[in-house]
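Only one structure is covered here, and it is reproduced in the block below.
In what follows, chains are A, B, ... by sequence order, proteins preceding strands, each numbered from 1.
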Amino acid sequence: MLLDELNQEQRAAAQQTEGAVMIVAGAGSGKTRTLTYRIAYLLEKGVDPFNILSLTFTNKAAKEMKDRIISLVGPKARNIMMGTFHSVFAKVLRAEAERLGYISTFTIYDSDDSKGLIKNILKDHSLDPKTYNPGYVLSRISKAKSSLISPSDYLDNQQLMTEDKASNKPYIGNIYQEYNNRLRKAMSMDFDDLLFNMNILLRDFPDLLLKYQDKFRYILVDEYQDTNFSQYLIIKKLAARYGNICVVGDDAQSIYSFRGANIQNILNFKKDYPDCGIYKLEQNYRSTQTIVKAANSVIAKNRDQIKKEVWTSNEEGHKINYNECENEKEEARWICKEIVSRIQTKNSKFQDFAILYRTNQQSRSLEEVLRLYNIPYRIYSGTSFYDRKEIRDVLAYFRLVVNNSDDEAFLRVINFPTRGIGDTSINRLKILADQKNCSLFEAALNLSYTDGIHARTAQKIVDFALMLRAYTIDVFNKNAYDIGFEIVAKSNIIKHWKEDPDPQSSDRADNIEELLNAVQGFVESSEDAILDQLTGEEISIENKTLDVFLQQVSLMSETDRDDNGENERVSLMTIHAAKGLEFPYVFVCGMEENLFPSIMTIVSRVDLEEERRLFYVAMTRAQTELLLSCANSRFKNGQLNFNERSRFLEEIDQQYFNEEIRMGKKSANPFAFKQNTTETFVPKKIFTPIVNKPLPKPIGGNPVSIEEFFVGMDVAHDKFGFGKIIAIEGTGDDTKAEVNFEAFGTKKLVLRFAKLKKI
DNA sequence: AGGTACTTATAGAGT
DNA sequence: ATAAGTACCT
């Protein structure tokens, strides 16, 4: 029987298929498993997959869950609507776009596009971008949108207006209004619009409300603690007819309030659905007792929480490991050594390790040292592939072809690669478009020589528009790859990078080719539904058009990207990105005050509690071993900073550390706890440690000629990392050195080829 | 118009 | 450290 795979509480939660259900699931308690079996069970009971809506936190999670369900109950599961809030409702909006006066190929703006639009508005209204920092303005707008506050609501809202006046930015409401006007004119939506407009659709079109209530008779929401008001209301409306709503979450893992997530949604579920079944999953199957208990001891410090007792019957396991380092380089080296030692002694694989951090910047020093140790890794957050300039440029061409009204895309590529169209002509064109109340693209297409633009430049503008117009006509008759390939070729963008002498430029050309590969992969893939989940239409290669690709890509995160089968790598990511994942060995680095907890959060209890939940999430990713580290000094924005170790370290019940690494009373002087660093805190190693020496040393070192090497010299090798020369033999080109590497033991190297560097 | 050199800001997490 | 923006030169 299908549900035999679940424990008693999980099974009970899966079996109550009708009505409202809340599953409060502690970390590692088999939440995804329960959801998966619950959906499989629904299908076994005869529920039509077209009637199931399952909302997950990442698209990757959706894909994995769907694959698992398919393996349990067969291919009919493909037709379940499963994905993130944003991707699912983008599909619905695409189908219903004309109700809202949008074209179905509307563009989705990401935060960079949104910031660019705000910058343009500031420029046009002569507002100071220092006062009206685009990032800040966008976050105000975003918070308003995710609370369903429209621009006119904003301008009428006394509290918001007072706040903006107090911060000396009285025009944010007006910027919001203009921002929305321009988005609409460009036939574009930002992330929050996908949810906002879905709400409008359900509010203003009763037939659609009924249609989707009827379609989505069974609704499941994962990570419910991280939903915002806008998402909450969509779900509430959709579920209002049949009442079959199942939410899963853990208030202790709510970490997205900055994005408007409202922890009250889960805390108040019982108020909305008084008859709901509540199930608590408290048995942790993931981690050792040490990890579970240590994490519990930390989260107990929070005041706001649903009471529950997470426990495990797993073995006690290792004590938590901790190392205090001089600086971020030494921290990275410590992590590398710990990884290598486990690889060699415990038969672990690189994919068993994750290095988690609070801020994306921290990945850079880790990266440098991982490369030195020749440890394969993958970064799952930070500047994603799709954020790179060259990729955004190509995507802007695609966007403009699919949606001619997309002015931001137009401005991005009108003169890139350069085609002799400068600021003067572009400003003139903007004025023309404004006068005619049309898009920049249309203005360009219909440019006449009486328009006041130099004839030669005007011709270039018209040529540009005509070139793209040809693709617009074709875009729905060809698959995404065929047309994408042509656009890239014709726009000269690859040629531009290939001819550029800068060494980084050939990488950019390669990236564009990789993007085209991704487009091809999209066209050829059949992993998704065979039938369109909304229309029931068959999906074939002809449906895989460029606009569909764009819509998919704009909602994809780095975590969702394919790893091309190369999965034997250490994972690097922020703690936020690690939510929902698990690894045998987890490093949490940068355990320092002002970094984690972040300096922005330490003034308010509510923010600090969220930060503490974040640490709880980090700890509970670990299955067998948890390793923490901090650095006494660290470069940030090119400046050296000194921080005390994080208060969170002392909040862990000290019995879960080895005796010798328990925290003493926190000292006021950041240097006072320095002497007991590496030697004492590092566990026994199989490699000869050189950590007793005062560090840091520059990483990388300098190349030297063969004669300069001597026995006892500290050297670095591209592959083997740091080592010390223990013997030299031979002369001239045949000179060989025996080097004892920290991580790879003794190697004999021919100096002429080894490219050893002095450190 | 387009490229180069200098200046300045950067605050955190990401659909 | 890095990117983006500005001033200035060709």
task = List the steps and the verdict of side-chain hydrogen bond (donor to acceptor under 3.5 Å, both in side chains) for A:N59 and A:Q552.
result = CA-CA 10 Å; A:N59 290 306; A:Q552 189 175 307; over 6 Å; no
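Two residues, A:N415 and A:F57, neighbour DNA chain B, and the one matched to the more 5' nucleotide by heavy-atom proximity is A:N415. The nearest heavy atom of DNA chain B to A:N133 and to A:T58 marks one nucleotide each, and the one closer to the 5' end goes with A:N133.
The CG atom of A:L195 sits 8 Å away from the C1' atom of B:dT15 (whole-angstrom rounding). Separating the CG atom of A:L595 from the P atom of B:dG12 is a distance of 9 Å, rounded to the nearest angstrom. Between A:R613 atom CZ and B:dA13 atom C1' the separation is 13 Å, expressed in whole Å. For the pair A:D222 CG and B:dT15 C1', the interatomic distance rounds to 15 Å; values are reported in whole Å. At whole-Å resolution of the value, CD in A:Q361 and C1' in C:dA3 are 13 Å apart. The CD-P distance, from A:Q639 to C:dT2, rounds to 15 Å in whole Å. Computed from coordinates, the A:K143 NZ to B:dT15 P distance equals 17 Å when rounded to whole Å. Taking atom OH on A:Y256 and atom C1' on B:dT15, their separation rounds to 9 Å, with Å as the unit.
With C1' as the reference atom, C:dT6 and B:dA11 are 23 Å apart, rounded to whole Å.
Contact annotation: A:T424 reaches the phosphate of B:dA1 (side-chain N/O to OP1 or OP2, under 4.0 Å). Applying the 4.0 Å criterion to OP1 and OP2 of B:dA11, one finds that A:S598 has every side-chain N and O outside that range. Contact annotation: A:K579 does not reach the phosphate of B:dG14 (side-chain N/O to OP1 or OP2, under 4.0 Å). Contact check, A:N360 against B:dA13: a side-chain N or O comes under 4.0 Å of OP1 or OP2. In this structure, A:R419 does not reach the B:dG2 phosphate: none of its side-chain N or O atoms is under 4.0 Å from OP1 or OP2. Contact annotation: A:S425 reaches the phosphate of B:dA1 (side-chain N/O to OP1 or OP2, under 4.0 Å). Phosphate proximity of C:dA1 to A:K636: absent, as no side-chain N or O sits under 4.0 Å from OP1 or OP2.
The side chain of A:N637 has B:dT10 as its nearest neighbour among B:dG14, B:dG12, B:dT10. Nearest to the side chain of A:T418, among C:dA1, B:dA13, B:dG3, sits B:dG3. Residue A:R364 places its side chain closer to C:dT2 than to any other of B:dT15, C:dT2, B:dA13. Nearest nucleotide to the side chain of A:H576, out of B:dG12, B:dG14, B:dA1: B:dG14. When distances run from any side-chain atom of A:K119 to the nucleotides C:dG5, B:dT15, B:dG12, the shortest one goes to C:dG5.
Base engagement by A:R358 is indicated by at least one non-hydrogen atom pair under 4.0 Å involving a base atom. Counting non-hydrogen atoms under 4.0 angstrom, A:K460 reaches nothing in the nucleic acid. Among the atoms of the strands shown, base atoms are found under 4.0 Å from some heavy atom of A:G638.
Taking the six-membered ring where tryptophan is involved, the planes of A:F596 and A:F615 are perpendicular, since the angle between them exceeds 60° and thus also 30°.
By the 5.5 Å and 30° criteria, A:F258 is not stacked with the base of B:dG12.
Between A:Y179 and A:Y109, the ring center distance fails the sub-6.0 Å criterion. Checked against a 6.0 Å centroid threshold, the rings of A:F258 and A:H576 count as neighbours.
Both the sub-6.0 Å distance and the 45° axial angle are satisfied by A:K389 relative to the ring of A:F416.
Look at A:K329 and A:E368 and you find a salt bridge, because one of the NZ, NE, NH1 or NH2 atoms lies within 4.0 Å of a carboxylate O, short of that distance.
Applying the side-chain hydrogen bond (donor to acceptor under 3.5 Å, both in side chains) test between A:K145 and each of A:D190, A:N228, A:D192 identifies A:D190 as the sole match.
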